[in-house]
Each structure stands twice: as structure tokens, then as C-alpha cells.
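The analysis underlying the following values was restricted to heavy atoms, covering all of them including side chains, and did not include hydrogens, waters or symmetry mates.
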Amino acid sequence: MDSTPDLFETAPSLSDASFDLRALRGEDFDELHNAASDPLIWVGHPSPDRGEYAQFRKLFDTYLMAGGTELISERATGRVIGCSRFYEASSMPGACAIGFTFLIRDHWGGVTNRAIKSLMFAAAFEQFDTVYLEIAATNLRSQKAAAKIGAVFVKKVPGFLGGDVPYQLWGIERENGLNNWGIIIPYF
């Protein structure tokens, strides 16, 4: 399938019965930082101070500049619960990755992650045959979540985005994603 950079630059609006995903905007900083400010979200993450104001400001500005970032909110309440991104896989030029995902803790445990990843993978599978997840080698929680949604380990990579943090590449092929997830299934 032909890829297009539009998915990386402009996050599409996506939704199901429980969640709305839309492109991140500058005015979303306060609400998203509020969601990210719980230090327990970042335990096991290569940047455990990411929820602190100054660190999150840098991350947020990077999200805005890079594009492809989805703000995630509860449909019923409008409460911002996290974000995720479409981007070009760092070790696979031209390939799509979904990542930089975080969720508030009351949405941990699979249902929310499966729902948003289902929406995002469905959108990505319209343009790509395989979609990847790049996960820090130390982030065991995300590795387990990737396995739960049907991703398979592809390879170890020595440094993420030119940095020195080793990571793992996980992938889901379109054919398997369609068979195991179902484009119209809102969650697992």
C-alpha cells in the first residue's frame, strides 16, 4: 500500500461509543498536562520526570511540531485522558508507528488501550500493510499491553530516535489486524 505523510502530519478525528480522538492543538496543554502530571504514569518510562511541568512542556511542544498526535478524551464527559501519535517508525523509514501513548491510571488495564489502538490501527491500515509500536526496553507495562492487542516482537533496536535508549520494535500486519481486531470492533 502507498503511504502518505498526512497521517503523520495531521491526526484524523476518530471515535467510538466511549472515546474521541482528535488532532492535538496548542490550547490543549493545560488539560493534557493535568492528565500527565501523575508521576506513577511514568514509572518504568525512560523519562520518569516526563509529567513535571517543564519536561511535559518540551514533550507537548514536540508533539505539536511533529504532528500526528491524537488527544484522547472520554466521549461521555469530555475529560482528557491522554494522547497517542502516528509517526514514521524510526528504524523503518516510510513505515507507520503508533506510540508515545499515555493514559491516566483509571484507564489502565486494557479496555481503553484496546479501544484507542483499534481506532488508530484501523486508520493506519487504510494506508499501511504493517503498523509498528516502538517500546523502550525498560517499559515492561507497554510491552505487555502490545502483546495483549496482538502485536508481535520484531527486533531489538539500540537507540530510539537517535538517542541512547534501547527499544523494541513490535508489529501488527494488516491482514492479522483485520482478522484479529476487526475494523468495526470498538474494543476487545
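For E74, the side-chain hydrogen bond (donor to acceptor under 3.5 Å, both in side chains) test picks out T77, R79, H107, with sequence neighbours left out. Residues meeting the side chain to side chain contact (heavy atoms under 4.5 Å, CB included) test with S47, sequence neighbours left out: H45, D49, R50. Applying the side chain to side chain contact (heavy atoms under 4.5 Å, CB included) rule to F153 yields the partners K156, Q168, W170; only residues at least two apart in sequence or on another chain are considered. In terms of the side chain to side chain contact (heavy atoms under 4.5 Å, CB included) criterion, residue partners of S73 (sequence neighbours excluded) are, by chain and number, D20. Annotation: side-chain hydrogen bond (donor to acceptor under 3.5 Å, both in side chains) contacts of R141 (sequence neighbours excluded): none.
Taking CZ of R174 as the start and CD of Q127 as the end, the distance is 11.5 Å to the nearest 0.5 Å. Here CG of L21 is found 9.0 Å from OG of S13. Values are rounded to the nearest 0.5 Å. The CD1 atom of I104 lies 13.0 Å from the CG atom of L40; values are rounded to the nearest 0.5 Å. Rounded to the nearest 0.5 angstrom, L169 CG and S90 OG are separated by 8.0 Å. Taken from CZ in F56 to OH in Y53, the straight-line distance is 10.5 Å, to the nearest 0.5 Å.
Of the possible donor and acceptor atoms, one in the side chain of R114 sits under 3.5 Å from a partner among the backbone N and O of K148. Without hydrogens or angle criteria, R85 side chain to G68 main chain gives no donor-acceptor distance under 3.5 Å. Using a distance-only test at 3.5 Å, with no hydrogens or angles considered, a donor-acceptor pair links the side chain of Q143 to the main chain of A137. Listed for the E70 side chain is no donor-acceptor partner under 3.5 Å among the backbone atoms of A11. The main-chain N or O of R25 is found under 3.5 Å from a side-chain atom of D28 such that the two form a donor-acceptor pair.
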- Take C83 and L24, measure what side-chain contact (heavy atoms from CB on, under 4.5 Å) needs, and give me the verdict at the end. CA-CA 8 Å; C83 70; L24 185 69; 5.7 Å; no

- Task: Go through V131 and I172 one step at a time and tell me if the side-chain contact (heavy atoms from CB on, under 4.5 Å) criterion holds.
- Result: CA-CA 6 Å; V131 179; I172 296 179; 5.5 Å; no

- Query: Does the pair L14 and M120 meet the rule for a side-chain contact (heavy atoms from CB on, under 4.5 Å), with working shown?
  - Reply: CA-CA 8 Å; L14 306 168; M120 293 180 75; 4.2 Å; yes

- Could you go through the side-chain contact (heavy atoms from CB on, under 4.5 Å) check for L71 and V80 one step at a time? CA-CA 7 Å; L71 183 78; V80 171; 3.7 Å; yes

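Here the options are F29, F100, F102, the test is ring pair (Phe, Tyr, Trp, His ring centres under 6.0 Å), and the partner is F60; only F29 passes.
Shortest non-hydrogen contact noted between T101 and I116 is CG2-CD1, 4.5 Å. Contact detail for A35 and I81: the closest heavy-atom pair is CB-C, 4.3 Å. Contact record, A95 with Y132: CB-CE1, 3.7 Å, taken as the closest heavy-atom pair. Listed here is the closest heavy atom pair of A145 and N113: CB-ND2, 3.8 Å. Minimum interatomic distance between F86 and A124 (heavy atoms only, all atoms of both residues): CE2-CB, 4.2 Å. Residue R75 comes nearest to A17 through the heavy atom pair CD-O, 3.5 Å, listed as atom of the first residue, atom of the second, then distance.
Side chains of T69 and Y87: no donor on one and acceptor on the other come within 3.5 Å.
Contact check for R57 versus E52: no side-chain heavy atoms found under the 4.5 Å cut-off.
When the side chains of ILVMFWY residues are joined at heavy-atom separations under 4.5 Å, either directly or via intervening members, Y167 and V152 end up in two distinct hydrophobic clusters. Two different hydrophobic clusters hold M65 and Y63 under the rule that ILVMFWY side chains link at heavy-atom gaps under 4.5 Å. Under the 4.5 Å side-chain heavy-atom criterion for Ile, Leu, Val, Met, Phe, Trp and Tyr, V43 and I135 are members of distinct hydrophobic clusters. Criterion: ILVMFWY side-chain heavy atoms under 4.5 Å apart, direct or through other members. Under it, L133 and W108 are part of a common hydrophobic cluster.
Listed by first and then second residue, the side chain to side chain donor-acceptor pair (under 3.5 Å) pairs that reach into residues 31-44 are D38-R105, sequence neighbours excluded.
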